[in-house]
A.B. asks: 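Before anything else, here's the structure in question.
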Amino acid sequence: MNGTIDLSPFINGKYTDPASDRLITQIDPSTGKGSGEFAAAGAEAVERAVTSSRQAFEGAWSTLPPVARAGMLKALAGLIEANADRIAASDCRDMGKPIGAGMFEAGMVAAGFTRYYGEAVDKWPRGAIPATDAGAFEMQVRRPRGVIGAIIPWNFPAINLMMKIAPMLAAGNTVVVKPSELSPGSASIIAELAMEAGLPPGVLNLLQGDGMTGDALARHSSIDMLAFTGSTATGKAIMRAVGESTLKPVLLECGGKSPELVFSDMAGQDLDAIAAAILGGSMQNQGQICVARSRLYVEAPIYDELVGRIVAMAKATKAGDPSNPETRFGPLASARQKEVVEGFIAEAESQGGEILCDGRGALASSGGFYVEPTIIGQTDISTRIVQQEIFGPVLAVSRFNGEEEAVRLANCTPYGLAATVWTRDLGRAHRMADQIDAGMTKIMTAPVQRMGAGFSHSAEAAKQSGFGIEGGFGALDSYSRLQAVEFHYGDTP
């Protein structure tokens with residue numbers, strides 16, 4: 001149990017037996033102390049969940065008018081907003097998310113994705129192909145894929161949950177979802193709210209569990225598609241599991257090692273504001289975000305001035321108790337994550353990296369898993385701190401000279417998730433966007449933050465960061481299949 005949250009499998013509209021004696025111990029990241037335990041869903045529970053979702057899909061759900069699905073999703077969005085405090089408290093307790101951030105993520109973002117897809121489903125564009133002669137016509141129709149398995153990471157529990165299941169449900173699929181064992185609580189809350197919003201039993205089933213639970217879900221022959229967000233290593237394991245079992249499409253959003261490039265033509269802008277934006281982009285959620293701009297490259301003429309400001313701001317950023325509404329920087333999610341992050345820092349230091357800001361040792365007396373912002377300069381392109389995802393508050397910084405070197409540095413890792421380019425030169429901006437291998441590239445001409453496309457934003461990762469479009473109408477396409485219907489008509493010749 002997690003407080004008053006039931007962490008049993010939620011199948012066919014009710015909590016059921018996990019059919020397993022594999023116990024998962026929960027640890028409070030802010031203290032390092034145990035906070036509860038629950039049983040991982042076993043193979044028999046997975047079977048029940050998939051069977052329930054199959055029956056719901058083959059029942060009325062897939063043929064329900066889009067406006068009916070829309071009404072349920074919009075009702076669910078309202079319930080998520082009304083229960084944002086419960087969802088935030090669960091994420092705070094489970095993975096150390098500062099309570100203020102949790103409130104924003106649940107009330108604004110998770111509810112926003114849900115409402116967006118409730119509004120979008122009956123506006124989703126379909127296609128028709130012009131006839132090549134007078135007696136033929138082709139209609140192209142999006143059909144639901146069927147039963148989709150969704151495996152959700154721990155870093156943004158509510159956001160990642162609704163970013164996956166809202167478009168899946170809107171497109172007419174049923175869903176079996178497995179959240180991370182590190183952050184199970186908010187998914188159980190939202191599963192209950194989905195029933196309150198009117199979703200029929202079996203349309204959304206929830207399996208709390210570990211890697212064995214996820215593997216059983218990926219291999220199940222009645223899962224029509226598998227969607228995953230998490231590490232590249234786990235994404236590869238999921239592809240192997242799918243390949244060894246039954247042919248199905250897979251959508252993967254995996255690791256990132258995203259670059260941020262600052263050209264010297266930004267010298268006339270507010271460097272304090274630019275520094276704050278860069279620090280925020282690398283340290284959001286304690287750096288536990290796949291699109292963290294964890295590699296900073298600054299053109300030589302402004303390197304010292306800009307990096308000096310970033311370091312000063314990083315040193316002023318202090319971690320605190322995530323349950324305190326004033327806290328903006330909490331602990332890492334687990335002891336293992338802290339160990340990994342500190343290992344990267346120590347290795348970089350031993351390889352000649354210059355520790356400009358050292359976040360190790362923060363709040364050591366608390367017993368929690370704290371690492372404050374850490375900045376390392378003069379990092380070689382071949383080192384692990386440059387090449388591998390850390391998933392923690394560590395920023396590697398280096399100089400560059402000119403566009404050619406900037407592109408080479410930006411593309412030097414196996415990943416291709418995101419990138420940011422700071423320049424006032426419109427031509428350069430287009431050249432960078434063309435040449436950087438990233439699913440999404442942000443061009444910044446001034447230190448201002450805009451909503452941009454908002455919930456309509458769609459992108460697809462590149463290289464080892466995965467494949468498959470998420471967000472916007474693109475996600476509705478991802479979670480549906482394209483059927484061509486040909487009409488041949490007219491009098492017999």
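Keep in mind that what you see is a predicted model, and the values were worked out from it rather than measured.
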A.B. asks: Can any side-chain N or O of Gln351 pair as donor or acceptor with the backbone N or O of Ala348 at less than 3.5 Å?
C.D. replies: no
A.B. asks: Distance-only check: which donor-acceptor pairs under 3.5 Å involve side-chain atoms of residues 235-244, not counting sequence neighbours?
C.D. replies:
residue, atom, partner, partner atom, Å
Lys236, NZ, Gln464, OE1, 3.4
Glu244, OE1, Arg219, NH1, 3.1
Glu244, OE1, Arg219, NH2, 3.0

A.B. asks: Check whether the side chains of Asp210 and Thr213 place a donor and an acceptor atom closer than 3.5 Å, and report yes or no.
C.D. replies: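 Asp210 vs Thr213: donor-acceptor pair found between side chains.
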A.B. asks: Could Arg69 and Asp122 be called an ion pair, given the rule that one side-chain N must be under 4.0 Å from one carboxylate O?
C.D. replies: no
A.B. asks: Let's go through Trp422 and Gln269 carefully: what are the C-alpha distance in whole Å and the side-chain angles of both, what is the deciding distance for side-chain hydrogen bond (donor to acceptor under 3.5 Å, both in side chains) to 0.1 Å, and is it a yes or a no?
C.D. replies: CA-CA 11 Å; Trp422 293 81; Gln269 299 295 303; over 6 Å; no
A.B. asks: Given 3.5 Å as the limit, does a donor-acceptor pair link the side chain of Glu389 with the main chain of Gly256, or not?
C.D. replies: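 Yes, the answer is positive, given that a donor and an acceptor are paired below the 3.5 Å cut-off.
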A.B. asks: Residues two or more places apart in sequence or in another chain: which of them pass ring-ring contact (aromatic ring centres under 6.0 Å, His included) with Tyr116?
C.D. replies: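 By the ring-ring contact (aromatic ring centres under 6.0 Å, His included) rule, Tyr116 matches no residue at all.
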A.B. asks: If you compare all heavy atoms of Pro447 against all heavy atoms of Asp270, which two are closest, and at what distance to 0.1 Å?
C.D. replies: CG-O, 4.0 Å
A.B. asks: Any luck finding a side-chain donor-acceptor pair between Arg293 and Thr420 under 3.5 Å?
C.D. replies: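 Side-chain D/A pair, Arg293 to Thr420: present.
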A.B. asks: Tell me, which pairs form a salt bridge (charged side-chain N to carboxylate O under 4.0 Å, His left out) where one or both residues lie in residues 102-111, sequence neighbours left out?
C.D. replies: Lys97-Glu105
A.B. asks: For Thr423 and Arg428, indicate whether the former's side chain and the latter's backbone hold a donor-acceptor pair under 3.5 Å.
C.D. replies: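 Flag not set: sc Thr423 to bb Arg428 has no pair under 3.5 Å.
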A.B. asks: Between the side chains of Trp154 and Glu181, is a donor N or O closer than 3.5 angstrom to an acceptor N or O?
C.D. replies: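 Their side chains do not contain a donor-acceptor pair, so the 3.5 Å distance test is not met.
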A.B. asks: Does the side chain of Gln483 reach to within under 4.5 Å of the side chain of Arg143, using non-hydrogen atoms?
C.D. replies: yes
A.B. asks: Do we see a donor-acceptor contact under 3.5 Å between the side chains of Gln388 and Tyr415?
C.D. replies: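 No - no donor-acceptor pair under 3.5 Å links their side chains.
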A.B. asks: Please answer whether the main-chain N or O of Thr327 pairs with a side-chain N or O of Lys318 as donor and acceptor at a distance below 3.5 Å.
C.D. replies: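 Checked: no pair found.
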A.B. asks: Can you pull the ring pair (Phe, Tyr, Trp, His ring centres under 6.0 Å) pairs that have at least one residue in residues 233-284, sequence neighbours excluded?
C.D. replies: Phe263-Phe400
A.B. asks: So does Glu253 pair up with Lys164, basic N to acidic O under 4.0 Å?
C.D. replies: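 Not counted as a salt bridge, because no side-chain N and carboxylate O are separated by less than 4.0 Å.
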A.B. asks: For Asp304, give me all partners under side chain to side chain donor-acceptor pair (under 3.5 Å), at least two apart in sequence or on another chain.
C.D. replies: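 Only Arg399 meet the side chain to side chain donor-acceptor pair (under 3.5 Å) criterion with Asp304.
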A.B. asks: Check whether any side-chain N or O of Asn411 sits under 3.5 Å from a backbone N or O of Gln435 as a donor-acceptor pair, and report yes or no.
C.D. replies: yes
A.B. asks: With a 4.5 Å limit on heavy-atom distance, are the side chains of Phe228 and Thr234 in contact?
C.D. replies: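 The answer is yes, as the side chains (C-beta and beyond) meet within the 4.5 Å cut-off.
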A.B. asks: Hey, does Ile190 have a side-chain heavy atom less than 4.5 Å from the side chain of Ile87?
C.D. replies: yes
A.B. asks: Measure from the side-chain N and O atoms of Glu372 to the backbone N and O of Ala319, and report whether any donor-acceptor pair falls under 3.5 Å.
C.D. replies: yes
A.B. asks: Could you give me the CA-CA distance, side-chain angles and deciding distance for Glu81 and Arg115, then say whether salt bridge (Lys or Arg N to Asp or Glu O under 4.0 Å) is met?
C.D. replies: CA-CA 11 Å; Glu81 286 175 329; Arg115 182 171 287 109; 3.1 Å; yes
A.B. asks: Kindly state whether the ring of Trp124 and the ring of Tyr117 have centres lying under 6.0 angstrom apart.
C.D. replies: no
A.B. asks: Are Pro29 and Ser334 close enough that some pair of their side-chain heavy atoms sits under 4.5 Å apart?
C.D. replies: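 Of all side-chain heavy-atom pairs linking Ser334 with Pro29, none is under 4.5 Å.
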A.B. asks: Indicate yes or no for a side-chain donor-acceptor contact from Arg142 to the backbone of Ser480 under 3.5 Å, with no hydrogens or angles considered.
C.D. replies: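 Checking the backbone N and O of Ser480 against the side chain of Arg142, a donor-acceptor pair under 3.5 Å is found.
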A.B. asks: Between Glu403 and Arg431, does at least one N-O distance fall below 4.0 Å, as a salt bridge requires?
C.D. replies: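 Yes.
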A.B. asks: Are side-chain N/O atoms of Ser30 and Asp321 paired as donor and acceptor at under 3.5 Å?
C.D. replies: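 No pair is found: no donor N or O on one side chain lies under 3.5 Å from an acceptor on the other.
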A.B. asks: Does the side chain of Ser188 pick up a donor-acceptor pair with the side chain of Gln208 at under 3.5 Å?
C.D. replies: yes
A.B. asks: Any Lys/Arg nitrogen of Arg408 or Glu404 sitting under 4.0 Å from an Asp/Glu carboxylate oxygen of the other?
C.D. replies: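 A salt bridge is absent here (no side-chain N lies under 4.0 Å from a carboxylate O).
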A.B. asks: Only pairs at least two apart or in different chains count here, so list each ring pair (Phe, Tyr, Trp, His ring centres under 6.0 Å) that has a residue in residues 319-341.
C.D. replies: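 Found none.
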A.B. asks: Does Arg145 make a cation-pi contact with Tyr479 (under 6.0 Å, within 45 degrees of the axis)?
C.D. replies: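 Judged by the rule, Arg145 and Tyr479 form no cation-pi pair.
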A.B. asks: Is the backbone of Phe467 close enough, under 3.5 Å, to the side chain of Glu460 for a donor and an acceptor to pair up by distance?
C.D. replies: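 A pair under 3.5 Å: no.
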A.B. asks: Nearest heavy-atom pair of Asn155 and Cys290: which atoms, and what distance?
C.D. replies: ND2-N, 4.2 Å
A.B. asks: Check this for me: does any side-chain nitrogen of one of Asp272 and Arg309 sit under 4.0 Å from a carboxylate oxygen of the other?
C.D. replies: yes
